[in-house]
Novice: 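Before I ask anything, let me first share the structure, which is written out below as structure tokens.
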There are 2 protein chains.
Amino acid sequence: MRVGGAKRDQSGLGDEAQRRAPRLANSDLDYGLLKDVVGFPIKVVWILGYTLLTRTIDDPPVTPQRFSMLELIGCNPGAQQTQLGAALGLSRSATTITIDFWQDRGCVERRSVPGNRRIYGIYLTEAGRETWAALRQKVRRSDAELTKNLTPEEVGQLRGLLAKIHQ
Amino acid sequence: MRVGGAKRDQSGLGDEAQRRAPRLANSDLDYGLLKDVVGFPIKVVWILGYTLLTRTIDDPPVTPQRFSMLELIGCNPGAQQTQLGAALGLSRSATTITIDFWQDRGCVERRSVPGNRRIYGIYLTEAGRETWAALRQKVRRSDAELTKNLTPEEVGQLRGLLAKIHQ
DNA sequence: TATTGTTATACTCTATAACTATA
DNA sequence: TATAGTTATAGAGTATAACAATA
């Protein structure tokens, strides 16, 4: 079982939103039903947010998805890979690869757990804590930029409505 | 230049949301900053909506993305591929393949345009109109299901807030 | 030369399944 | 046998670039 730093090819941008022009939903065509449902504008806003955050991070391999993993690790020191993956809806193999990514960057370490040699506790390294702090600032900034047309009350409203949908 | 029906392999589900458990954001871990920004819940709701619609359509190759294209074609008869692709933020090659998909299903036809032999007008066929109508019903039903915890006023609020973000 | 559409190719991300090691 | 993690592999969807036909 490999615990040392894996090296995988991790170049490139990684997701559709990054490559997709933000002109979405601003065409002269009639969008028909797409204007009247929630699903489509949700997707458009997701792409906007994703694109904005990717630009703010300005380090293409560090995708929003990978940040989510770092955030979970930072907030839940010692969590197992299985837990982390489940929290983001990832398979075990995708989780392994995501954690490899941060480990290869020196941001995360797998510590063996006394009493159970099958599992690892995942922890930020010192360098990881710095990277994490810097990324969190960018995430906050990017999110503020995304919602710049909304008042603070409206942002609260939006989060409340979204929470009602996903419980 | 090929205009007749292309055959490509089009099995499978097609997107992350389909495969991803809807447990997202319901773990016992601390989600930290992810709880406090708009970007993450937007993604969670998008995945929920995508999963719900995919199940409602119950015909895996017909993804939400492909429905979007059919909706645009239905609402804009005779539009060019380039326009359709731009409206959804797709490259020309991805647009070609998406239209091939519907043409192979007998739902869409490419008609040559008098006076300009480089372009095609894209139209629904009679069968396409039926498929379109049936899918539209499912899209409405699925969207209603997604927002079942919201009052009609709240749905209007949500759409208004999303519109403010993407203009 | 520029535009429209097609094809070939490469790339990212994901899941499934097979595998190792532990329990 | 079951669980945690890793690796190999295949699949879907996208973009870029090269190409053909047309303007």
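Protein chains get the first letters and strands the later ones, always in sequence-line order, with residue 1 at the start of each. Note that this is a predicted model, so its numbers are computed, not measured.
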Novice: To the nearest 0.5 Å, what is the distance between CZ on R66(B) and CZ on F101(B)?
Specialist: 4.5 Å

Novice: Rounding to a whole Å, what distance do you find between I97(B):CD1 and dG5(C):C1'?
Specialist: 12 Å

Novice: Answer with yes or no whether S93(A) presents, from its side chain, a donor or acceptor under 3.5 Å of a partner atom in the base of dT14(C).
Specialist: no

Novice: For the pair K35(B) and D30(B), find out whether any cationic side-chain nitrogen is under 4.0 Å from an anionic carboxylate oxygen.
Specialist: yes

Novice: Q81(A) side chain N/O closer than 4.0 Å to the phosphate oxygens (OP1, OP2) of dT6(D)?
Specialist: yes

Novice: Between Q65(A) and dT14(C), is there a contact of a side-chain N or O with OP1 or OP2 at under 4.0 Å?
Specialist: yes

Novice: Check whether any side-chain nitrogen or oxygen of R66(B) sits under 4.0 Å from OP1 or OP2 of dG13(D), and answer yes or no.
Specialist: yes

Novice: Kindly indicate whether the side chain of R118(A) and the base of dT3(D) share any N or O donor-acceptor pair separated by less than 3.5 Å?
Specialist: yes

Novice: In whole angstrom, what separates I122(A)'s CD1 from dA4(D)'s C1'?
Specialist: 11 Å

Novice: So, does S91(A) get its side chain near the phosphate of dT14(C), meaning an N or O under 4.0 Å from OP1 or OP2?
Specialist: no

Novice: Between dG5(C) and R117(B), is there an OP1 or OP2 to side-chain N/O distance shorter than 4.0 Å?
Specialist: no

Novice: Rounded to the Å, how far apart are N116(A) CG and dA23(C) P?
Specialist: 5 Å

Novice: What is the distance from CZ of F101(A) to C1' of dT7(D), rounded to the nearest Å?
Specialist: 20 Å

Novice: Would you say dT14(C) has OP1 or OP2 under 4.0 Å from some side-chain N or O of R92(A)?
Specialist: no

Novice: Rounded to the nearest angstrom, tell me the gap between atom CG in L90(A) and atom P in dT12(C).
Specialist: 18 Å

Novice: Would you tell me if any nitrogen or oxygen in the side chain of Q83(A) comes within less than 4.0 Å of OP1 or OP2 on dA4(D)?
Specialist: no

Novice: Round to a whole Å and report the spacing from CZ of R111(A) to P of dG5(D).
Specialist: 16 Å

Novice: Can D59(A) and R105(A) be counted as an ion pair, charged N to O under 4.0 angstrom?
Specialist: yes

Novice: For the residue pair W46(A) and W46(B), categorise the inter-ring angle as parallel (less than 30°), tilted (30 to 60°) or perpendicular (more than 60°).
Specialist: parallel

